[in-house]
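What follows is a single structure, written as structure tokens, with notes after it.
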There are 2 protein chains.
Amino acid sequence: MNFSKTTSYSLSILSYMSINEDTNMSAKYLHNKLSIPYPYLRQVLTNLTHKRFIKSTRGRTGGFTFSMPKEKISLADIIDITDGLESLNICILGFNKCPFDKQCSMHEVWEKTRDSMIKVLKETSLADLTK
Amino acid sequence: MNFSKTTSYSLSILSYMSINEDTNMSAKYLHNKLSIPYPYLRQVLTNLTHKRFIKSTRGRTGGFTFSMPKEKISLADIIDITDGLESLNICILGFNKCPFDKQCSMHEVWEKTRDSMIKVLKETSLADLTK
DNA sequence: ATTAAATGCTATAGACATGTATCATTTATG
DNA sequence: CATAAATGATACATGTCTATAGCATTTAAT
Ligand code: FES
Ligand code: FES
């Protein structure tokens with residue numbers, strides 16, 4: 001499993017932005033705050049804009065703001081932009097199919113974990129993070 | 001986190017071999033049984049030999065056998081050959097450092113999980129897998 | 001002896017995720 | 001209007017993990 005950088009960056013960005021919902025933040029500003037490589041950050045911001053989580057303003061004082069209430073954005077929603085929660089539906093030891101007929105030795109503990117994680121991801125909104 | 005292919009293959013190979021501890025198995029045979037790409041499998045087998053988990057016999061009827069009792073090989077030992085258990089010591093959401101002062105929202109559930117997983121990996125030996 | 005079939009060794013190729021660069025367009029400011 | 005500073009869009013570079021290839025060496029079988 002494990003989430004891609006793009007997903008991590010998306011989470012960082014939106015989490016950080018949710019601190020000040022109504023403030024317009026530029027890519028440059030976010031770059032300084034979050035230490036994400038500037039050109040990569042730009043890409044991710046564009047992507048988040050396309051996916052309608054945030055909206056952009058162009059021009060000299062341009063930047064990004066939320067385009068929907070942060071209560072309505074769950075961490076799962078953000079992960080679904082790129083990796084998707086399905087990326088958790090794999091054998092943690094990396095077997096596509098167990099060499100035995102039964103499940104691998106990590107299956108039980110991993111299955112429980114996965115369920116807990118998905119639950120948390122679905123139930124946690126950006127608004128919750130700042131509480 | 002998540003384990004590399006090399007680690008998965010190592011686990012598959014040794015798990016499979018542990019079914020018949022005293023049988024000499026060739027790379028070709030294992031390739032047919034485990035569907036691991038032959039040249040990659042060769043690499044991994046060489047590596048496992050260097051690390052003394054198995055020993056090789058060269059020549060026409062050559063192959064690989066365990067060089068230590070399978071009761072003494074834990075899954076953690078195998079993972080330590082390549083990725084190491086330390087690969088689990090990361091933020092599951094991919095933050096190197098939380099953008100907030102506090103831990104990320106997945107921290108608690110992930111920490112518990114990680115502990116459980118490490119426990120299982122350390123306590124499970126190859127011998128246990130065939131019970 | 002010769003051949004076939006195995007491992008030892010190591011260099012090279014490919015695929016994919018990550019990161020960079022460039023130019024066009026928009027808009028506030030003076 | 002001219003400039004500066006922002007986003008839009010997209011192509012390119014880099015790095016890393018995964019996979020392949022090739023030749024040398026060893027040994028059993030004929
Ligand atoms: S078979 Fe490995 S986690 Fe389910
Ligand atoms: S800070 Fe994310 S798992 Fe600990």
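These numbers come from a predicted model, not from an experiment. We name chains A, B, ... by the order of the sequence lines, and we start the count at 1 in each one.
- Applying the salt bridge (Lys or Arg N to Asp or Glu O under 4.0 Å) test to residues at least two apart or on different chains, the pairs with a partner in residues 109-127 of chain B are B:K119-B:E123.
- When rounded to the nearest whole Å, the span between OH of A:Y40 and C1' of D:dT14 equals 13 Å.
- Of all heavy-atom pairs between B:I36 and B:H31, the closest is O-ND1, 2.6 Å.
- When only modelled atom types and interatomic distance are considered, B:S4 and B:Y9 share no side-chain donor-acceptor pair under 3.5 Å.
- Summarising the geometry, the separation between OH on A:Y38 and P on D:dA6 is reported as 7 Å, rounded to the nearest angstrom.
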### Query
Which nucleotides of nucleotides 24-30 of chain D have their base under 4.0 Å from a protein heavy atom (B), which only their sugar-phosphate (S), and which neither (-), written as one string 5' to 3'?
-BBBBS-

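- The CE atom of B:M25 sits 16 Å away from the C1' atom of C:dA6 (whole-angstrom rounding).
- For A:N24 and D:dA5, the CG to C1' distance is 13 Å, given to the nearest whole Å.
- Ring planes of A:Y16 and A:Y29: tilted class, angle from 30 to 60°.
- Remark on DNA chain C: of its neighbouring residues A:S4 and B:G62, the 5'-side contact belongs to B:G62, judged by nearest-heavy-atom nucleotide.
- Rounded to a whole Å, the CG atom of A:D83 is 15 Å from the P atom of C:dC16.
- If you check every strand for non-hydrogen atoms under 4.0 Å, A:F64 touches sugar and phosphate atoms only.
- Rounded to an integer number of Å, the gap from B:H31 NE2 to C:dA5 P is 16 Å.
- Side chains of A:T7 and A:T82: a donor on one and an acceptor on the other come within 3.5 Å.
- Residue A:Y9 places at least one side-chain N or O under 4.0 Å from the OP1 or OP2 atom of C:dG19.
- Contact annotation for B:P39: base contact, defined as any heavy-atom pair under 4.0 Å involving a base atom.
- Contact annotation: B:S56 side-chain N/O to C:dG8 OP1/OP2 distance is under 4.0 Å.
- Nearest heavy-atom pair, A:R52 versus A:M68, reported as atom, atom and distance to 0.1 Å: O-CE, 3.4 Å.
- Taking 4.5 Å as the limit, every side-chain heavy atom of B:T65 sits out of range of all side-chain heavy atoms of B:T23.
- One interatomic measurement links the two molecules: CG of A:L30 to P of D:dA6, which rounds to 12 Å at whole-angstrom precision.
- What separates NZ of A:K5 from C1' of D:dC17 is a distance of 15 Å, to the nearest Å.
- Of all non-hydrogen atoms in B:L88 and B:F3, the two that sit nearest each other are CD2-CZ, 4.2 Å.
- Within residues 42-50 of chain A, the residues that place at least one heavy atom under 4.0 Å from DNA chain C are, in residue-number order, A:Q43.
- Using modelled atom types, no side-chain atom of A:T124 and backbone atom of A:L121 make a donor-acceptor pair closer than 3.5 Å.
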